[in-house]
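Some notes on the structure that comes next.
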Amino acid sequence: CHGRVNDKHFHDDVDVESVFVIVQSRSRGSRLNIIIVAEGAIDRHGQHITSDFVKDNRAERKRLNIIIVAEGAIDSHNKAITPDYIKELVVRCLGFDTRVTILGHVQRGGTPSAFDRILASRMGVEAVLALLEASANTPACVVSLVGNQAVRLPLMECVQMTQEVQKAMDEKKFEEAVRLRGRSFENNLSTYRLLSYRRPDSELPNSTFNVAVLNVGAPAAGMNAAVRSAVRVGITEGHKMFAVSDGFEGFYKGQIKEIKWGDVGGWTGQGGSLLGTKRTLPGKHLDKIAEQMRIHNINALLVIGGFEAFESLLELYEARADYEEFCIPMCMLPATISNNVPGTDLSIGADTSLNAIVETCDRIKQSASGTKRRVFIIETMGGYCGYLATVGGLAAGADTVYIYEEPFDIRDLQANVEHLTQKMKTSIQRGLVLRNENCNENYTTDFIYQLYTEEGRGVFDCRKNILGHMQQGGAPSPFDRNFGTKVAAKAIQWVTRTLKESYKGGRVFANSEETACLLGMRRRAMVFQPVSQLRDETDFVHRIPQEQWWLKLRPLMKILAKYKTSYDVSDSGQLEHVTRFRTKESNTSSAI
């Protein structure tokens, strides 16, 4: 790792439970497996490294241990800690064969991910708007992103905050340095602490609650990371965790078993759904599901999935009047490549799918390098939701993107062909057209391919490609791993609070709409929203939200494709002050 831990890449491609790193924890005297970062010093004698963590890991037949050291790592006396020193300590004290690898500038190179491309495009626009709106008295600002909302922060306040971090480290105030780094850095660190080490049973809270976790709908990369996080946070909270195989179909068939801390080891980097997932809705099997909940005494439910998961939670909520078993805390985490669930700007799995689309588009365009002028017609998944096509098109540099949310006719197609033909004659050699699979029942991919082929005859030729299920598979991206991990941890903590509030008369009874929620990102915050309230924001026929934030990116895509159009500035950021201090949380888990 570099001296700063990148927010969205904190867990990265490393199996988190095998990463043994160290962060300052002297005040609690606890033993932690964390990353050695500059903001968290350790004892020079290496007692954390020579504790039972690595030895216990080997005793459990895990052959690999990874220690990550940031280039600015220091000990409690502000002396540098190097990888070679850590190696010598492990070899001398534990006798394990150890190798040192310094990543160096490999971390700086490579092709940018879809997230980085979109982030750069959005921040570029925000920077231009900030300049256009600035006056002689406007302070210099830094364009940033909080959640999914662009913000502007005074440059000098940001510089001062950075200086205060260094000052706190020089004064050996390492916990204060972590807080000064910002909420995201601190929360990532807190999440890691929570998940990396299983506390002894004697140190766990007393809880008699049983929490079930299941996946519903199509598989999405990052589901397994979310399940792992939910299971481990639930165990840390003292609950007994149950895994349901094959969604609600497995639920009513009784495919329910207790899942332990070690059962989810190595799940973070696994694609698909290791629990198994089906699109079956619970509506036709409510009696059997209620019976299974009685048998296993399920007190809370965490559903991870896409639009089917949203519909399932609605059905369970509406059935509460007839089934007391469903009067329990229920939470849904959006996990779908289509990103078509209401109540959230982002879904687990969508980033991995976008990376697959962008990488494929890059390769397809490169295949025509050095040849005659060529246009590629590419079909993406997403149902009626045009998120993948639009955002993927913006990241890949598409000339035109056809989606259901923005109706088009033959005149629009003709204008697009003429525009692309003119560009081909004057500048570009390759064109890229993306089409959402359900954008129009008549203007199919074959129709658009034949139209462009005929109208572009003599100027360019065409090729078509249907990406299909390659958008759904593969290992989850660092963003989806981290996102799934953090939202699942937050969801289980909400479940714990709600269970305590609902526990009366020796049983759990949660019947209000606030106890059946979806956890989603709305602009800059993660918000728990009752599914009953989201019903009115949903187009159930086409399985999409009625309002979608990414539609505001379409004018930007057209501008970059050299269309003459206007850009909506109503959602531009405003100048804010840097949040200098945050109240220290009473415990680690509440900071997530």
Shortest non-hydrogen separation from [X] to [Y] and the atoms involved:
| X | Y | answer |
| --- | --- | --- |
| Gly269 | Pro476 | O-CD, 3.5 Å |
| Ile357 | Gly392 | CG2-CA, 4.5 Å |
| Pro83 | Val100 | CB-CG1, 3.7 Å |
| Arg481 | Ala475 | NH2-CB, 4.0 Å |
| Ala398 | Ala561 | O-CB, 3.9 Å |
| Gly343 | Gln529 | O-NE2, 2.7 Å |

When rounded to the nearest 0.5 angstrom, what distance separates [atom1] in [X] from [atom2] in [Y]?
| X | Y | atom1 | atom2 | result |
| --- | --- | --- | --- | --- |
| Leu519 | Met526 | CG | CE | 4.0 Å |
| Arg199 | Ile235 | CZ | CD1 | 12.0 Å |
| Ile337 | Leu388 | CD1 | CG | 5.5 Å |
| Thr496 | Glu501 | OG1 | CD | 11.0 Å |
| Thr236 | Met241 | OG1 | CE | 10.0 Å |
| Cys331 | Ile304 | SG | CD1 | 9.5 Å |

* To do: Might you confirm whether atom CD1 of Ile102 has over 12 heavy atoms from other residues, nucleotides or ligands at distances under 6.0 Å?
  => no
* In terms of heavy-atom contacts, does CD of Glu203 have more than 12 from other residues, nucleotides or ligands at under 6.0 Å? -> yes
Any side-chain to backbone donor/acceptor pair from [X] onto [Y]? Under 3.5 Å, distance only.
| X | Y | answer |
| --- | --- | --- |
| Glu157 | Val578 | yes |
| Arg232 | Leu194 | no |
| Asn224 | Leu274 | yes |
| Thr352 | Ser477 | yes |
| Arg179 | Glu186 | no |
| Glu133 | Ala130 | no |
| Trp549 | Asp345 | yes |
| Thr138 | Ser135 | yes |
| Asn355 | Ala114 | yes |
| Ser353 | Gln472 | no |

Listed by chain and number, what are the side-chain contact (heavy atoms from CB on, under 4.5 Å) partners of [X], not counting sequence neighbours?
| X | answer |
| --- | --- |
| Ser202 | Pro200 |
| Lys552 | Asp568, Ser570, Asp571 |
| Leu575 | Pro139, Cys141, Arg152, Pro154 |
| Pro329 | Ala300, Trp494, Thr498, Leu499, Val508, Ala510 |

Tell me every residue that passes side chain to side chain donor-acceptor pair (under 3.5 Å) with [X], counting only those two or more places apart in sequence or in another chain.
| X | result |
| --- | --- |
| Arg122 | Asn148 |
| Asp170 | Gln166 |
| Asp201 | Arg198 |
| Glu359 | Arg363 |

Quick one: list whatever passes salt bridge (Lys or Arg N to Asp or Glu O under 4.0 Å) with [X], sequence neighbours left out.
| X | result |
| --- | --- |
| Arg522 | Glu537 |
| Lys365 | none |
| Lys260 | Glu258 |
| Asp84 | none |

Is there side-chain contact between [X] and [Y], with heavy atoms separated by less than 4.5 Å?
| X | Y | answer |
| --- | --- | --- |
| Asn340 | Tyr387 | no |
| Leu346 | Trp550 | no |
| Asp263 | Val231 | no |
| Thr111 | Arg117 | yes |
| Gln366 | Asp362 | no |
| Lys490 | Val233 | no |
| Arg524 | Val151 | yes |
| Lys167 | Gln163 | no |

* How about Asn339 and Ser347: does a side-chain donor come under 3.5 Å of a side-chain acceptor? -> yes
* For Arg554 and Thr390, test the side chains for any donor-to-acceptor distance below 3.5 angstrom and give the result as yes or no. => yes
* Asked: Given Leu302 and Leu333, is the side-chain contact (heavy atoms from CB on, under 4.5 Å) satisfied, shown in steps?
  -> CA-CA 8 Å; Leu302 179 64; Leu333 300 181; 4.0 Å; yes
* Applying side-chain contact (heavy atoms from CB on, under 4.5 Å), run through Val227 and Trp267 and close with a yes or a no. => CA-CA 8 Å; Val227 171; Trp267 281 33; 3.6 Å; yes
* To do: Could you give me the CA-CA distance, side-chain angles and deciding distance for Leu195 and Thr485, then say whether side-chain contact (heavy atoms from CB on, under 4.5 Å) is met?
  => CA-CA 9 Å; Leu195 298 176; Thr485 296; 3.3 Å; yes
* Determine, step by step, whether Phe185 and Leu180 satisfy the side-chain contact (heavy atoms from CB on, under 4.5 Å) criterion, reporting the C-alpha distance in whole Å, the side-chain angles of both residues, the deciding distance to 0.1 Å, and the verdict. => CA-CA 9 Å; Phe185 181 93; Leu180 289 171; over 6 Å; no
